[in-house]
There are 2 protein chains.
Amino acid sequence: MPKAKYQLVADEIRQRIIKQVYPAKTLIPDQNALAKEFKVSRMTVKKALDGLAREGLIYKRSGLGTYVLGNIPLKAANDSPADAFNGLTKQQGAKRVSSDVIQFDVTFPTADIQEKLHLDANEPVYEILRLRRLEGSPFILEHTFMPVTLVPNLSQAILKKSIYDYIHQSLHLKFGGAYRKIHAALPTKNDIKYLQAAHNEPILEVEQIVWLNTGENIEYSTSRNLFNKRSYTILDINE
Amino acid sequence: MPKAKYQLVADEIRQRIIKQVYPAKTLIPDQNALAKEFKVSRMTVKKALDGLAREGLIYKRSGLGTYVLGNIPLKAANDSPADAFNGLTKQQGAKRVSSDVIQFDVTFPTADIQEKLHLDANEPVYEILRLRRLEGSPFILEHTFMPVTLVPNLSQAILKKSIYDYIHQSLHLKFGGAYRKIHAALPTKNDIKYLQAAHNEPILEVEQIVWLNTGENIEYSTSRNLFNKRSYTILDINE
DNA sequence: TAGTGGTCTAGACCACGAT
DNA sequence: TCGTGGTCTAGACCACTAC
């Protein structure tokens, strides 16, 4: 299936910005000119530009035109966006990430997990504790709950690699969204044991609920890492 | 100036979802029916629904229809969204928030600040350190840099209240976006002194750059709080 | 006044999912 | 097959900004 026209237009303009055909802090051609060049209607050009504006690449001002935004000084190449649905394996590369499966159980959900995943007491869940390693050294301690019915036939082999690949490629499920909460915390016994956290060393935790595009909750998890190993970033566009 | 039609349609549908005229986990009327009801074109209905989908209220599936999403279990009323441009005064209410101005200087920017704010060495900046209090007790320690030319005539009186109100209402400037980085950290001397952090008590820090809708950088700041006082949340919709 | 982006329409065709 | 949402068009009018 081919991409939509507005996506193709957006891809081309994005490339021109990256290659500085449209340099930072300059105006790009107006919507009518772009429509003529790409042989599409102005509405299609506008939809492409709306997407690029949400990505933070351009900003539009009525009556003036569309400008290219410069680089963001705080932004670094190895930033971990807090709004991303690809797992750690995708973000860092499968060769750099390995996982120790510390716990892999099936249980009935506690009242708390029932509420978090919108489940009844008799619907079993997986409880998974994994130590994710980056280049061999401890990186993130992940504690995950998933309903068994939504993710059938989970295995140690899959947990060693990537749960998200299994969900997408084998089960053909699609994520709809996630709600995440970022805390700082004191280390627990598990943090000290597996992340090798020092006593009183700050921990950064992401607690999240993930749902599918059907609206069903598929995951409740916490991800903890040493305070100096990782931070999370957010690009926030007004309106 | 009146709101756009698609905004009015979105507002009405949002209200119907909140009031459960359209209950959670049910289909809402299809786009043609809504277009007929509101006497607008289907494109306008679609634009309204696109916005509601980005807010996480509904999800659309081609061939099926548009469903209402249920409540998010992790979400609490007093959550602090990490994607918000209203300052602390707006979020918590002017009556609950007060500020001690610890430092208020004008200086030439260091090399680091020059880079963060895209300034030359001879363009002065404000350096501001404020302890924000909630109901009187220490809440957030804010260290802020702003270019003097963009925010003229800043005063202690303004700092005691709300910088953002001054920027919006008096200077008529509009934010374009922000890039934020969330860390966990060890307490500094200032954290211990002003936030009354214990030795080795984890601190949650948000480091951010904010720019205007003109593309000019207006703020570089860090906001630090005790780990058990505040966390940040993100609603993340796929695509 | 001229040119920009923002909105809106009426109608068309398509891909998808259920029947 | 039918109804859903997704895309796309050509043209129109408006609000805003600069000159």
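Chain A is the first sequence line, chain B the second, and so forth, proteins listed ahead of strands; every chain is numbered from 1. Because the structure is a prediction, the values reported are computed rather than measured.
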*Taking only heavy atoms on the protein side, list every residue of residues 35-53 of chain B lying under 4.0 Å from any atom of DNA chain D, sorted numerically.*
B/Arg42, B/Met43, B/Lys46
*Could you tell me whether the phosphate oxygens of D/dG6, OP1 or OP2, come under 4.0 Å of any side-chain nitrogen or oxygen in B/Gln31?*
yes
*Interatomic distance where CD1 belongs to B/Ile13 and C1' belongs to D/dG5 [whole Å]*: 14 Å
*Take atom CG of A/Leu34 and atom C1' of C/dG5, then tell me their distance rounded to the nearest Å.*
12 Å
_Using whole Å, what does the distance between atom C1' of nucleotide D/dG3 and atom CZ of B/Arg61 come to?_
15 Å
_Rounding to an integer number of Å, can you tell me how far B/Asn213 CG sits from C/dG6 C1'?_
15 Å
*Taking atom CG of B/Asn122 as the centre, does the number of heavy atoms from other residues, nucleotides or ligands within less than 6.0 Å exceed 12?*
yes
*Please state whether the phosphate of C/dT7, meaning OP1 or OP2, lies under 4.0 angstrom from any side-chain nitrogen or oxygen of B/Tyr6.*
yes
*Applying ring-ring contact (aromatic ring centres under 6.0 Å, His included), which residue pairs with at least one partner in residues 62-85 of chain B are found, sequence neighbours left out?*
B/Tyr59-B/Tyr67, B/Phe85-B/Phe175
*Tell me, please, which residues at least two apart from B/Glu216 pass salt bridge (Lys or Arg N to Asp or Glu O under 4.0 Å).*
none
_Please determine whether a side-chain nitrogen or oxygen atom of A/Lys3 lies at a distance below 4.0 Å from atom OP1 or OP2 of D/dT7._
no
Just the atom pairs and distances: protein N or O near nucleotides 1-3 of chain C's N or O, under 3.5 Å.
| from | atom 1 | to | atom 2 | distance (Å) |
| --- | --- | --- | --- | --- |
| C/dG3 | N2 | A/Gly63 | O | 3.3 |

*Using atom NZ of B/Lys174 as one end and atom C1' of C/dG5 as the other, report the distance to the nearest whole Å.*
13 Å
*Measure the distance from CG on B/Asn32 to P on D/dG3 and round it to the nearest whole Å.*
11 Å
*What salt bridge (Lys or Arg N to Asp or Glu O under 4.0 Å) pairs are there with at least one residue in residues 160-177 of chain A, not counting sequence neighbours?*
A/Lys90-A/Asp165, A/Lys174-B/Glu239
*Can you name the residues that form a salt bridge (Lys or Arg N to Asp or Glu O under 4.0 Å) with A/Asp83, not counting sequence neighbours?*
none
*Whole Å only: how far is the CD1 atom of A/Ile58 from the P atom of C/dT4?*
15 Å
*Hey, could you give me each pair passing salt bridge (Lys or Arg N to Asp or Glu O under 4.0 Å) that has a residue in residues 56-76 of chain B? Not counting sequence neighbours.*
B/Asp50-B/Lys60
*Between atom OH in A/Tyr59 and atom C1' in C/dT4, what is the gap in whole Å?*
15 Å
*Please name all residues satisfying side-chain contact (heavy atoms from CB on, under 4.5 Å) with A/Ser99, sequence neighbours left out, ordered by chain then number.*
A/Arg130, A/Arg132
Under 3.5 Å, side-chain donor or acceptor atoms of residues 18-27 of chain A against the rest of the protein: list the pairs with distances, not counting sequence neighbours.
| from | atom 1 | to | atom 2 | distance (Å) |
| --- | --- | --- | --- | --- |
| A/Tyr22 | OH | A/Arg16 | NH1 | 2.7 |
| A/Thr26 | OG1 | A/Pro23 | O | 2.6 |

